[in-house]
Structure formats: structure tokens, C-alpha cells
Enquirer: 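One structure, pasted below without further comment.
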Amino acid sequence: MELEKIETENKIEELTKSETTDLFRSIVMGLDVTEWIDTSKGKFKVKFPRARDLEAAGKLTALRLNGIPANSFDRNIYDFIENIAYLDVCVIDFPDWWKLAKKENPNFGWQDIPSDEFIMEVYAKAYNFRNEIQSKINGDKKEANKGVDSVTSADTSSEPGLFDGLNGRTEFNG
């Protein structure tokens, strides 16, 4: 995992070493979290998507639907369109064969890859990286209380109400 400066118009203040190690703060202060993922067809550099990146992938998905409602597509095809849009946004560096193809055809992209299995391999590794960083940002949730407060049964209520005398049992006479 690497932290890189994003080129922006605004100058970023210098961070102390302790602030730089704080992943959340580093991202907020303009650093990208990136990693090289090794695939069956070379190494790709992916970045952890911010909300704006996820929004861009969503807009790209909508653009590729061409005005056709999403529910008109088979769920697998729609998911595939979303995955390709995600890769278009989050993969930022490519192996040499990709760069050569892009040089020959400036419009070359994930939609031109002939193997859906390979696309899914890259997507799975990019998505695993995203989940890994997201869990680091959110911290360890094992300590959190994930339960629901227990509520006493309505049968013990001393207050009269609309459902007085009713219980959850069903009886059939017949």
C-alpha cells in the first residue's frame, strides 16, 4: 500500500509524521492510497476510491446503460457493466501490453478486453484492496456493540392497550 499526493490546485499543508500515519486523515488531506495488484496478465495499479470516484463509476455505468432502465438488463450483465466502470475509475496504471494497445487505439479500455474471466479477476483484486483499506479506515469493529437492546415481552405489561388479551398463538377449530 502506498500513499501518494494528488495533484491539486490548492497547496496541501505539511503533515506531521503522526498525522501522515493516520490513513483517514491522509486521504482527506489529498493523498491517494494505491497498490499494485498482480494478475494473470500483468500488474495493475489501483487506487482506493473516494466517494467522488464511486460517484464517477456510477455515472459511467448510467452513461453506458444509454438511457435503458437498469431493470431491463440481466442482473449479471448489469453487474458486469458496473464492474467495468469501477475498473475504469480505479485502475490508474497498466502493464506494457495495455499501454501499447492504448497507443494504437486511444479509446482502448476495459470494454475491449475479450475475457470476462480476466476482467473479474482484476475487479476482485481491486475490490479486495478497497475492502482492506476501508476496514483500516473504519478501525476494528469487534469491540462495538452490535446487539439490540432486549425489550420485555408485551405479556408483562401492566398497561391496558389495543391488543389486550391477544397472544401469538394460532388455534384452529374444525
Side-chain angles (χ1 to χ4, degrees), residues 1-15 17-141:
M1 170 177 62
E2 298 175 19
L3 292 172
E4 300 178 5
K5 283 189 180 179
I6 300 173
E7 294 184 25
T8 60
E9 297 172 12
N10 300 333
K11 212 173 191 182
I12 297 174
E13 295 178 18
E14 290 294 318
L15 299 176
K17 185 159 179 76
S18 65
E19 289 172 332
T20 304
T21 58
D22 179 3
L23 191 56
F24 179 83
R25 177 172 275 193
S26 297
I27 294 169
V28 169
M29 296 304 294
L31 297 178
D32 261 342
V33 182
T34 63
E35 183 166 272
W36 285 95
I37 56 172
D38 197 11
T39 71
S40 61
K41 301 199 183 323
K43 290 186 176 192
F44 292 82
K45 189 175 194 177
V46 296
K47 70 175 184 171
F48 174 76
R50 291 179 168 81
R52 81 174 65 148
D53 297 318
L54 297 175
E55 182 181 353
K59 287 178 181 178
L60 195 51
T61 298
L63 178 69
R64 290 180 178 159
L65 294 179
N66 215 14
I68 301 169
N71 62 0
S72 297
F73 289 87
D74 174 80
R75 184 67 202 178
N76 292 332
I77 297 298
Y78 179 77
D79 288 346
F80 197 64
I81 293 169
E82 279 187 317
N83 295 349
I84 289 173
Y86 181 86
L87 292 176
D88 282 333
V89 172
C90 292
V91 178
I92 58 174
D93 203 351
F94 306 87
D96 289 340
W97 63 265
W98 182 287
K99 292 174 183 175
L100 288 172
K102 188 79 168 169
K103 188 175 181 181
E104 291 292 318
N105 175 9
N107 295 322
F108 179 80
W110 289 102
Q111 292 176 307
D112 298 310
I113 300 297
S115 170
D116 57 341
E117 186 175 306
F118 174 67
I119 291 170
M120 292 313 298
E121 173 191 356
V122 177
Y123 176 79
K125 290 184 179 193
Y127 196 78
N128 285 341
F129 170 68
R130 174 186 173 192
N131 285 339
E132 174 187 321
I133 299 304
Q134 191 70 63
S135 67
K136 287 180 181 180
I137 290 170
N138 293 335
D140 188 9
K141 300 290 185 185

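Treat the numbers as computed from the prediction; the structure is a model and nothing was measured. Reckoned from all heavy atoms, side chains included, excluding hydrogens, waters and symmetry mates.
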Enquirer: Which pairs with one or both residues in residues 46-79 pass ring pair (Phe, Tyr, Trp, His ring centres under 6.0 Å), sequence neighbours excluded?
Expert: none

Enquirer: Give the intermediate values and the outcome of side chain to side chain contact (heavy atoms under 4.5 Å, CB included) for residues Val28 and Arg25.
Expert: CA-CA 5 Å; Val28 169; Arg25 177 172 275 193; 5.6 Å; no

Enquirer: When you look at Phe80 and Ile84, which way does the side chain to side chain contact (heavy atoms under 4.5 Å, CB included) test go after all the steps?
Expert: CA-CA 6 Å; Phe80 197 64; Ile84 289 173; 3.5 Å; yes

Enquirer: Treating Asn66 as the side-chain partner and Ile68 as the backbone partner, does any N or O pair qualify as donor plus acceptor under 3.5 Å?
Expert: no

Enquirer: Using 30° and 60° as the class limits, which term best fits the ring planes of Trp110 and Phe44: parallel, tilted or perpendicular?
Expert: tilted

Enquirer: Under a 4.0 Å N-O cut-off, is there an ion pair linking Asp32 with Lys45?
Expert: no

Enquirer: Checking the side chain of Glu35 only, and the main-chain atoms of Phe129 only, is there a donor and an acceptor separated by less than 3.5 Å?
Expert: no

Enquirer: For residues 53-61, tabulate all N or O donor-acceptor pairs below 3.5 Å that involve a side-chain atom, not counting sequence neighbours.
Expert:
from: Asp53; atom 1: OD1; to: Lys47; atom 2: NZ; distance (Å): 3.2
from: Asp53; atom 1: OD2; to: Arg50; atom 2: N; distance (Å): 2.9
from: Glu55; atom 1: OE2; to: Lys59; atom 2: NZ; distance (Å): 3.3
from: Thr61; atom 1: OG1; to: Ala57; atom 2: O; distance (Å): 2.9

Enquirer: If you measure from CG on Asn128 to CD1 on Ile133, what distance do you get to the nearest 0.5 Å?
Expert: 11.5 Å

Enquirer: Above 12 or not: heavy atoms from other molecules or residues under 6.0 Å from NZ of Lys99?
Expert: yes

Enquirer: Given the rule in the salt bridge (Lys or Arg N to Asp or Glu O under 4.0 Å) test, do Asp112 and Lys102 qualify, once you have shown the distances and angles that lead to the verdict?
Expert: CA-CA 11 Å; Asp112 298 310; Lys102 188 79 168 169; over 6 Å; no

Enquirer: Enter the distance from Asp116:CG to Ile77:CD1 here, rounded to the nearest 0.5 Å.
Expert: 8.5 Å

Enquirer: Within 45° of the ring axis of Phe118 and under 6.0 Å from its six-membered ring centre, is that where the NZ or CZ of Lys41 lies?
Expert: yes

